[in-house]
There are 2 protein chains.
Amino acid sequence: MELDDRKKKILLAIIKTYLETGEPVGSRTISKIEGLELSSATIRNEMADLVDMGYILQPHTSAGRIPSDKGYRFYVDQLMEEKEQQIEERERETDEMKGMLIEKADKMERLLKQVARSLSVNTNYAAMISAPQYHMNRLKFIQLSRMEEKRIVAVIVVEGNMIKNQIIDIDEPIDDETLLKLNMLLNTTLNGMAIEDINLSIITKMKQQAGDQAGIIAEVIDAVAESIKADEDLEIYTSGANNIFKYPELADNEKASEIITAFEEKKQLTNLVYETLSHSDEKGIQVYIGEESPVENMKDCSVVTATYELDEGIHGTIGIIGPKRMDYDKVLSTMKKLTTELDTMFKKN
Amino acid sequence: MELDDRKKKILLAIIKTYLETGEPVGSRTISKIEGLELSSATIRNEMADLVDMGYILQPHTSAGRIPSDKGYRFYVDQLMEEKEQQIEERERETDEMKGMLIEKADKMERLLKQVARSLSVNTNYAAMISAPQYHMNRLKFIQLSRMEEKRIVAVIVVEGNMIKNQIIDIDEPIDDETLLKLNMLLNTTLNGMAIEDINLSIITKMKQQAGDQAGIIAEVIDAVAESIKADEDLEIYTSGANNIFKYPELADNEKASEIITAFEEKKQLTNLVYETLSHSDEKGIQVYIGEESPVENMKDCSVVTATYELDEGIHGTIGIIGPKRMDYDKVLSTMKKLTTELDTMFKKN
DNA sequence: TGTTAGCACTCTAATGGGTCGAGTGCTAAC
DNA sequence: GTTAGCACTCGACCCATTAGAGTGCTAACA
C-alpha cells in the first residue's frame with residue numbers, strides 16, 4: 001500500500017492533534033477539524049490502512065489512534081524539510097530570544113550550566129550539554145614549575161585554552177637549570193602537536209635528547225606524557241531532569257527511574273554525545289525517536305541533539321530529552337537558534 | 001504525661017517493626033513479638049498515650065500506628081547513644097567492609113565520585129559528597145608563565161594541593177625580567193597566607209613594591225587576586241538518586257520531582273553542606289528527620305550527614321538521603337566507617 | 001468505485017454496593 | 001493496673017453496572 005497525499009494529510013492531522021492533547025484521537029475529531037471535508041467513516045477506513053502500514057497504533061479496539069515511532073519519524077522528517085526552507089524567517093526570530101540566553105559567563109563551566117538551564121526552562125524538557133571535546137586537539141603550551149623541593153606542578157594548555165594540571169612527585173630534587181631545559185625541550189617538541197599523535201617513539205626521543213634515560217628527567221617526562229594522554233571524563237551538565245514528571249507517560253516509577261539514572265550516571269549521556277558527534281557532519285540537528293535512541297534507558301523518550309562549534313575542530317553537543325509526543329517544532333527551532341547563537345558567541349571570544 | 005520505661009520499650013518496638021515492614025503496626029503485633037508479655041489491650045492503652053504525646057501517628061481510625069518525626073528523633077537519639085558505647089566492636093567490622101571502598105583513585109574527583117557511588121550502592125539510598133572546602137585555606141605556590149606574547153597563565157596552588165588556573169590577557173607584552181620579578185613578589189608576599197586574609201591593602205602594597213601603580217603589573221596583580229578570591233562553586237557529587245523510587249512514600253510524582261530537583265540544582269545541597277560544616281564540631285554525624293531538614297525539598301525524607309577531614313582545616317561533607325523509615329542503624333555504621341576510612345586514607349597521601 | 005450513513009459491537013473508565021479483615025476504643029470483670 | 005470481650009470504624013478488594021467514546025462492517029448512494 002502506498003502513502004498517498006490524502007493519507008499523509010490525515011496522518012499529519014492525527015499526529016498534530018495528539019501532540020496537542022496527548023490523548024488518542026478518533027476519526028470524528030479529524031473529520032471535523034480538517035480542511036479535508038471527509039466523513040468520519042472515510043477517515044476510519046484510511047486510519048485502518050495507516051495502522052496496517054505501521055504509522056499509527058491502536059491502544060485497544062475501541063480507542064482512538066496514537067502515532068507510532070514510524071509515524072513520529074514521518075512527522076519529524078516532514079518538519080525538518082519545512083525548516084530548511086524558512087531560513088530567512090529565522091533571522092527575525094533570533095532577536096526575540098536573545099533574552100533567553102546568557103548574561104555574561106566568565107567561565108566556560110558557568111556558561112555551559114547556563115545554557116543547559118536555559119534550554120530546559122525554555123522547552124520544559126530535560127536538557128544536557130557537553131563541554132567541548134578537545135581530544136583531537138593541539139598542545140599549545142607546557143610549563144613545569146617547582147612547587148616544593150621534590151614536587152613539580154605541570155601546566156598543560158591545549159588549543160581552545162583549556163588547562164590541565166598535574167602535580168608530580170619526584171624522588172630527588174631537581175635543579176633550576178634542568179627544569180628550564182626540560183621546559184624548553186617539552187615545548188619545542190610538543191607544541192603544536194595533536195594529542196593523538198603523541199606516541200611512545202616521540203617520548204623516547206625526548207628522553208634521548210635530554211641525555212638522561214633513567215633519571216628524574218625521564219620520570220618527569222613520563223608523568224607529563226601520561227597526564228596529557230589521560231582521558232578526561234567528558235564533562236556533561238544537565239538541567240531540568242525533573243521536567244519528565246510533567247509527562248505522565250514518563251512519570252511512572254520504572255521509566256522515571258531509568259531516565260534519572262541515565263542523567264546521573266553521565267556515562268550513558270557520554271555515549272549520546274559520541275553518537276551525535278560522529279554524525280554531526282550530516283546535518284545540524286538529529287532526532288532520535290523511541291527505539292532509535294542510542295541510549296538504552298531512553299527508549300521511551302525522544303532525544304533531540306545538535307552540535308555546536310567552539311573553534312575549528314572543537315565541538316560539543318547539546319541535547320533535549322522529552323516524551324515522544326514532544327513539541328518537535330518548538331524544540332527544533334530552539335535548538336537551531338541556540339547553536340547559532342553559541343557559534344557566533346564563541347567566534348567573538 | 002511522662003515517657004516511662006514501659007512506654008519507651010513499646011515505642012521502640014513500634015518503630016523497629018515499622019522500619020522493617022513499612023506498614024502501620026497494630027497492638028497485637030507488638031503484644032506478640034515483645035519480651036514485655038502484655039496483652040494487646042494494654043498495649044492499646046499505652047499506644048493511645050503515645051499518640052497523645054506525639055511520638056506516633058494514626059493514619060486513620062482503624063489502622064495501626066506509624067512513628068512521627070518526634071518518634072524517629074527519639075529512636076535515633078537512643079541509637080546514637082548505643083553507638084557511642086561500642087567503639088571497640090567497630091574495629092572488627094572495619095575490615096569486613098574494606099572491599100566496599102575504593103580501588104585506586106588517581107584524582108580527587110574520581111575518588112569523590114567513587115565514594116558517593118559506594119555509599120549509595122551500599123545503603124540503597126541516595127548519596128552525596130562535597131569536595132573539600134579549602135576556602136579558609138592557605139596559599140602555597142603561585143606561578144605566572146607567559147603563554148603567548150600578550151597572554152599569561154597563572155597557576156595557584158592551595159594547601160591540600162588544589163590548583164586553580166587563570167588565563168590573563170594583557171594589553172602589551174611583558175618581558176621575562178618583569179615576569180620573574182612578579183613571580184617573586186607574589187610568592188614572597190602571599191605564600192602561607194590564608195585566602196580570607198588577602199585584602200585590598202595587601203594588594204595595594206604589592207603594587208607599590210612592584211613600583212608600578214598603573215601599568216601591566218598592576219593589571220596582572222589584580223587579575224591574580226581576583227582569581228584567588230573567586231568563589232568557586234562548591235563541587236558536589238551525587239549518586240543513586242534513582243534509589244528514591246524504591247520507597248513508595250517518596251516515589252509519587254510530586255515528591256520525587258522535588259528531591260530530584262534538589263539533587264540536580266546542587267544549590268540546595270550546598271546549603272546542606274554548609275549547615276553540616278557549621279555544626280561539625282558538635283558531633284561526627286548528624287541526622288535530620290523530616291521537617292528538621294535544612295533543605296526545603298527534603299521535608300519528607302531523612303538526611304544523614306557527616307564531615308570528613310582531608311587535612312588540617314580542610315573539611316568535606318558526605319550525606320545520605322532516604323525515606324524517614326530509613327535503616328538508621330546501618331546508615332550510621334556505614335557513615336562512621338566511611339568517614340574514618342576517608343580520614344586515614346587522606347592522612348596517608 | 002469511492003464515499004457515506006447507520007448500527008451493532010467493544011472496550012475503558014467511572015460509579016456504587018457489598019464484603020472482608022485488621023485494628024481500634026471502651027466497658028466490665030479480674 | 002491488667003485483661004477479655006465486643007461493637008464499631010475504615011480502608012482494600014471485588015464485582016456488577018453504566019456511560020461514552022470509538023470502532024468495524026454493511027448497505028446504500030453518487
Side-chain angles (χ1 to χ4, degrees), chain A residues 1-11 13-18 20-68 71 248-249 252, chain B residues 1-11 13-18 20-68 71 248-249 252:
Chain A
M1 211 175 328
E2 203 206 342
L3 197 62
D4 59 31
D5 211 54
R6 196 171 73 176
K7 281 196 171 60
K8 280 186 191 171
K9 275 186 185 154
I10 292 174
L11 177 54
I14 293 171
I15 295 176
K16 277 182 186 156
T17 314
Y18 183 73
E20 280 168 24
T21 63
E23 309 229 305
V25 340
S27 53
R28 250 182 78 83
T29 320
I30 300 299
S31 78
K32 271 191 291 185
I33 294 179
E34 264 332 271
L36 287 161
E37 310 307 343
L38 289 171
S39 75
S40 64
T42 313
I43 305 282
R44 274 205 291 285
N45 289 329
E46 295 288 45
M47 277 170 132
D49 290 349
L50 286 171
V51 170
D52 287 343
M53 297 162 78
Y55 287 101
I56 51 181
L57 300 171
Q58 222 171 348
H60 55 264
T61 325
S62 78
R65 310 301 211 284
I66 61 174
S68 68
E249 65 264 49
D252 70 291
Chain B
M1 208 173 329
E2 204 205 340
L3 196 61
D4 60 32
D5 211 52
R6 197 171 72 174
K7 282 196 172 56
K8 279 186 192 172
K9 276 185 185 158
I10 293 173
L11 178 54
I14 293 171
I15 295 176
K16 277 181 186 157
T17 315
Y18 183 72
E20 280 168 25
T21 64
E23 309 228 305
V25 339
S27 53
R28 248 182 78 81
T29 320
I30 300 299
S31 77
K32 272 191 291 186
I33 293 178
E34 263 333 88
L36 288 162
E37 311 307 341
L38 289 170
S39 76
S40 64
T42 314
I43 306 280
R44 274 206 290 286
N45 289 330
E46 295 288 45
M47 276 169 132
D49 290 350
L50 286 170
V51 169
D52 289 342
M53 298 162 80
Y55 286 101
I56 50 181
L57 301 171
Q58 222 172 350
H60 54 265
T61 325
S62 76
R65 311 301 213 282
I66 62 175
S68 67
E249 65 264 48
D252 70 291

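Quick note on labels: first sequence line is chain A, next is B, and so on, each numbered from 1.
Applying the 4.0 Å criterion to OP1 and OP2 of dG25(C), one finds that Arg65(B) has a side-chain N or O inside that range. Between Ser27(B) and dG23(C) there is no side-chain polar atom (N or O) within less than 4.0 angstrom of OP1 or OP2. OP1 or OP2 of dT3(D) has at least one side-chain nitrogen or oxygen of Thr42(B) nearer than 4.0 Å.
Following rounding to the nearest Å, Glu37(A) (CD) and dT4(C) (C1') show an atom-to-atom distance of 14 Å. Per the geometry, OH belonging to Tyr18(B) stands 14 Å off P belonging to dG23(C), to the nearest Å. We find that NE2 of His60(B) is positioned 5 Å from P of dG11(D), with the value rounded to whole Å. Atom CE of Met47(A) is separated from atom P of dG22(D) by 9 Å (rounded to the nearest Å). Rounded to an integer number of Å, the gap from Glu46(B) CD to dG1(D) P is 11 Å. Rounded to whole Å, atom P of dG23(C) lies 11 Å from atom CD1 of Ile30(B). Distance, Gln58(A) CD to dT23(D) P: 7 Å, rounded to whole Å. Look at CG on Asn45(B): it is 9 Å from C1' on dG25(C), rounded to the nearest Å.
In this structure, the nucleotide among dT2(D), dT23(D), dG25(C) sitting nearest to the side chain of Arg6(B) is dT2(D). When each of dC25(D), dT10(C), dG23(C) is scored by its nearest atom to the side-chain atoms of Thr61(A), the top-ranked nucleotide is dT10(C).
Taking a 6.0 Å sphere around NZ of Lys9(B), one finds it holds 12 or fewer heavy atoms contributed by other residues, nucleotides or ligands.
To the nearest 0.5 Å, atoms CG (Asp5(A)) and CD1 (Ile10(A)) are separated by 10.5 Å. Of the inter-residue distances, the one linking Glu46(B) atom CD with Ile14(B) atom CD1 reads 9.5 Å to the nearest 0.5 angstrom.
Checking side-chain atoms of Ser40(A) against main-chain N and O of Ser31(A) turns up no donor-acceptor pair under 3.5 Å.
Here dA29(C) sits opposite dT2(D) as a Watson-Crick or G-U wobble pair (both hydrogen-bonding atom distances under 3.5 Å). Look at dC13(D): its Watson-Crick or wobble partner, with both distances under 3.5 angstrom, is dG18(C).
No hydrogens or angles were tested; on distance alone, nothing pairs the side chain of Ser39(A) with the base of dT4(C) as donor and acceptor under 3.5 Å. Between the side chain of Arg44(B) and the base of dG5(D), a donor-acceptor pair under 3.5 Å is found.
Residue contacts shown for Ala41(A) include a base, since a base heavy atom lies under 4.0 Å away.
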Go through Ile15(A) and Val25(A) one step at a time and tell me if the side-chain contact (heavy atoms from CB on, under 4.5 Å) criterion holds.
-> CA-CA 9 Å; Ile15(A) 295 176; Val25(A) 340; over 6 Å; no
